[in-house]
2 protein chains.
Amino acid sequence: MEKSLKRMATMHKMQVTGLELFYKQGYYNTSVDDILKKLSLSKGAFYYHFKSKEDFFISILQSLVVKKVYSMLIEPIEGHDNPIDLISNCLEEVLQTAEHNENDYGFVLHNFITEFNGKNPEIMKYLNDTLKVWEVNLVSTLQRGKFNGYVDRHIDCEGVASYIISSFMGVRTLMVEGSATSLRYRYMQQIRFYLRAMAHKQVA
Amino acid sequence: MEKSLKRMATMHKMQVTGLELFYKQGYYNTSVDDILKKLSLSKGAFYYHFKSKEDFFISILQSLVVKKVYSMLIEPIEGHDNPIDLISNCLEEVLQTAEHNENDYGFVLHNFITEFNGKNPEIMKYLNDTLKVWEVNLVSTLQRGKFNGYVDRHIDCEGVASYIISSFMGVRTLMVEGSATSLRYRYMQQIRFYLRAMAHKQVA
DNA sequence: AAAATAACCGACTAATGGGTTTGGTTGTTT
DNA sequence: AAACAACCAAACCCATTAGTCGGTTATTTT
């Protein structure tokens, strides 16, 4: 194999496994050796490619998490259809994959934010930025909805966006331990109820 | 001081400081020495009173967290007034103290649940039980509301309860890092909007 | 083929943390 | 005065972990 390709392949393997374990067990609770053991790679290989554990983690955020956030949380709500439907369906989709994969990236974000809060400002910056991208996109989707006549124009888009994010994060926390399916079902009912209430009132 | 009183005083000091540090830095990221250093106490004292770090943590849950959950999240929503108002005001209250103390106990619960998920079943049991107490109480408050004619009788009380908990946990996660005041304000507006929508429809 | 270098190995270090033990001190109770 | 509870101080054990470093293997370049 070509050298630079091999480099990338190895780095990528490490990142994927790293994310998996960091997510499952927590960053501080996962050792570099844990990751290497799973891949049958050595410490030398790891520190050949990455400066430090922290550096490694940031590279994961940049190359894996951000992309997934885009493909799962942002792209699905773009377009000019009814944003209320787009958002509902997107959340439903994400929660369904979460139920089986237990690896949706909105929650990955949330999980890490909880873990690093007040401990590592450097990493928190990256996490918050990524979360902000989601938030900004929700806001602009809602605003587009106002413009297109789908959303009532009295709605506070920023408020709704951060409320959606809040409730989503919360329900994902509960889903990890509790009965995921019924939680998802209930949550989707409630959020649909909530979102429908802000649809543009059609005069009959 | 009387012996048993002194014992309790020391244990209590350790528990309070322990909770503070566990909450701020995480359980796994806080050493027993960290706690003892802050109190100028010795390891001997610690292991004289507690069997282990885990035993110590469980004692904190039992003697501090549970009580606070009752006084902050459960007692305020008891009574026969409009449950929609009771719940809204209770959440507002808790978020306000959270903003200044950064130590409300609904979130303490959430924070630990996130940390111990899949790592320590023993501790998770205590956390989930405590959370369940809150949930059960929300449900029965809502049901009482139906009975008293405050809440629309088509409402799914379990669904609403877990949705309230979800969104609350989520917003508290965001409040730690983001601009707490505006988040709280927005969140309260949205949850009030949501809750009002399930009020019993009075015929004018 | 030889030199150069990229990729990788794994033993080791230094530090940390949970937990134990021990020997002694102070204050209270009986 | 004897007994005991509530500590202190410090050494110590054992396991874990981030990071280092000298050396080896594989691949590319000359």
Side-chain angles (χ1 to χ4, degrees), chain A residues 1-61 63 112 115-116 119-120 122-123, chain B residues 1-61 63 112 115-116 118-123:
Chain A
M1 203 191 298
E2 198 197 329
K3 269 193 293 190
S4 68
L5 276 182
K6 187 159 196 203
R7 176 185 178 84
M8 283 180 63
T10 305
M11 286 176 81
H12 189 254
K13 266 197 300 186
M14 287 177 176
Q15 288 168 332
V16 170
T17 305
L19 177 58
E20 186 194 328
L21 292 186
F22 285 148
Y23 173 68
K24 269 196 209 150
Q25 316 176 3
Y27 174 83
Y28 292 110
N29 214 32
T30 303
S31 69
V32 174
D33 280 323
D34 287 344
I35 299 160
L36 296 169
K37 203 169 164 189
K38 237 195 148 176
L39 292 169
S40 302
L41 284 170
S42 70
K43 268 244 166 99
F46 182 85
Y47 283 97
Y48 176 72
H49 291 295
F50 301 101
K51 272 215 325 277
S52 65
K53 189 186 179 188
E54 182 172 324
D55 182 73
F56 173 61
F57 185 74
I58 291 174
S59 85
I60 290 177
L61 293 183
S63 60
F112 288 138
E115 183 169 10
F116 287 109
K119 288 174 211 161
N120 192 318
E122 170 89 3
I123 289 180
Chain B
M1 207 192 295
E2 198 197 328
K3 269 192 292 188
S4 68
L5 276 181
K6 186 156 198 209
R7 175 184 178 84
M8 285 182 61
T10 305
M11 287 176 81
H12 189 255
K13 265 197 301 186
M14 287 177 177
Q15 288 168 332
V16 170
T17 306
L19 177 58
E20 186 193 328
L21 292 187
F22 286 148
Y23 173 66
K24 269 195 208 153
Q25 315 176 4
Y27 175 82
Y28 292 110
N29 215 32
T30 302
S31 69
V32 174
D33 282 323
D34 287 344
I35 298 161
L36 295 169
K37 205 168 162 188
K38 235 196 148 177
L39 292 168
S40 303
L41 285 171
S42 69
K43 261 204 173 157
F46 183 86
Y47 283 96
Y48 177 72
H49 291 296
F50 301 101
K51 272 216 323 278
S52 66
K53 189 188 179 186
E54 182 171 323
D55 182 73
F56 173 61
F57 185 74
I58 290 174
S59 85
I60 290 177
L61 293 183
S63 60
F112 288 138
E115 182 168 10
F116 287 108
K119 289 173 209 161
N120 192 318
E122 170 90 3
I123 289 180

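Please read these numbers as outputs of a predicted model, since none were measured by experiment. For the numbers below, each heavy atom of this structure counts, side chains included, while hydrogens, waters and symmetry mates do not.
- Per the geometry, CZ belonging to Phe50(A) stands 14 Å off C1' belonging to dC8(C), to the nearest Å.
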Check the interface with nucleotides 10-13 of chain D: list each N/O to N/O pair with the protein under 3.5 Å, or write none.
none

Exercise for the section: Tell me, with the steps shown, if Glu115(B) and Asn29(A) meet side chain to side chain contact (heavy atoms under 4.5 Å, CB included). Expected result: CA-CA 10 Å; Glu115(B) 182 168 10; Asn29(A) 214 32; over 6 Å; no
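- Note that NZ of Lys51(A) is 10.5 Å distant from OG of Ser59(A), once rounded to the nearest 0.5 Å.
- One interatomic measurement links the two molecules: CE of Met11(A) to P of dC8(C), which rounds to 11 Å at whole-angstrom precision.
- When the side-chain nitrogen and oxygen atoms of Lys53(B) are compared with OP1 and OP2 of dG18(C), one or more of them lie within a distance under 4.0 Å.
- Atom CZ of Arg7(A) and atom C1' of dT27(D) are 15 Å apart (whole Å).
- Rounding to whole angstrom units, CZ of residue Phe22(A) and C1' of dT17(D) are separated by 12 Å.
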Exercise for the section: Verify side chain to side chain contact (heavy atoms under 4.5 Å, CB included) between Phe56(A) and Val32(A), making sure each step is shown before the conclusion. Expected result: CA-CA 10 Å; Phe56(A) 173 61; Val32(A) 174; over 6 Å; no
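- Proximity of His49(A) to the phosphate of dC8(C): a side-chain N or O atom is located under 4.0 Å from OP1 or OP2.
- Environment of NZ in Lys119(A): crowded, with over 12 heavy atoms of neighbouring residues, nucleotides or ligands closer than 6.0 Å.
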Practice task
Begin with the C-alpha distance, continue with both residues' side-chain angles, and end with the deciding distance and a verdict on side chain to side chain contact (heavy atoms under 4.5 Å, CB included) for Glu122(B) and Ile58(B).
Solution key: CA-CA 9 Å; Glu122(B) 170 90 3; Ile58(B) 290 174; 3.7 Å; yes
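- Taking every heavy atom of residues 31-39 of chain A and every atom of DNA chain D, pairs under 4.0 Å involve Ser31(A), Val32(A), by number.
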Problem - side-chain hydrogen bond (donor to acceptor under 3.5 Å, both in side chains) evaluation trace for Asp55(A) with Ser52(A) - result: CA-CA 5 Å; Asp55(A) 182 73; Ser52(A) 65; 5.5 Å; no
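- By the ring-ring contact (aromatic ring centres under 6.0 Å, His included) test, Phe57(B) is found to be paired with Phe22(B), Tyr27(B), Phe112(B), Phe116(B), residues two or more places apart in sequence or in another chain being considered.
- If you find the closest nucleotide of DNA chain D to Met14(B) and to Asn29(A), the one lying nearer the 5' end belongs to Met14(B).
- Taking 4.0 angstrom as the limit, Tyr48(A) places a side-chain polar atom (N or O) nearer than this to OP1 or OP2 of dA7(C).
- Taking the nucleotide of DNA chain C with the nearest heavy atom to each of Thr30(B) and Ser42(A), the more 5' of the two is matched to Ser42(A).
- Among the nucleotides dC9(C), dT20(D), dG18(C), the one closest to the side chain of Tyr47(A) is dT20(D).
- Contact annotation for Phe46(A): no contact, since no heavy-atom pair falls under 4.0 Å across all strands.
- The shortest distance between the side-chain N/O atoms of Thr10(A) and the OP1/OP2 oxygens of dC8(C) is below 4.0 Å.
- A distance of 11.5 Å separates CG of Asp34(A) from OG1 of Thr17(A), quoted to the nearest 0.5 Å.
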Exercise for the section: Applying side chain to side chain contact (heavy atoms under 4.5 Å, CB included), run through Gln15(B) and Phe50(B) and close with a yes or a no. Expected result: CA-CA 11 Å; Gln15(B) 288 168 332; Phe50(B) 301 101; 4.1 Å; yes
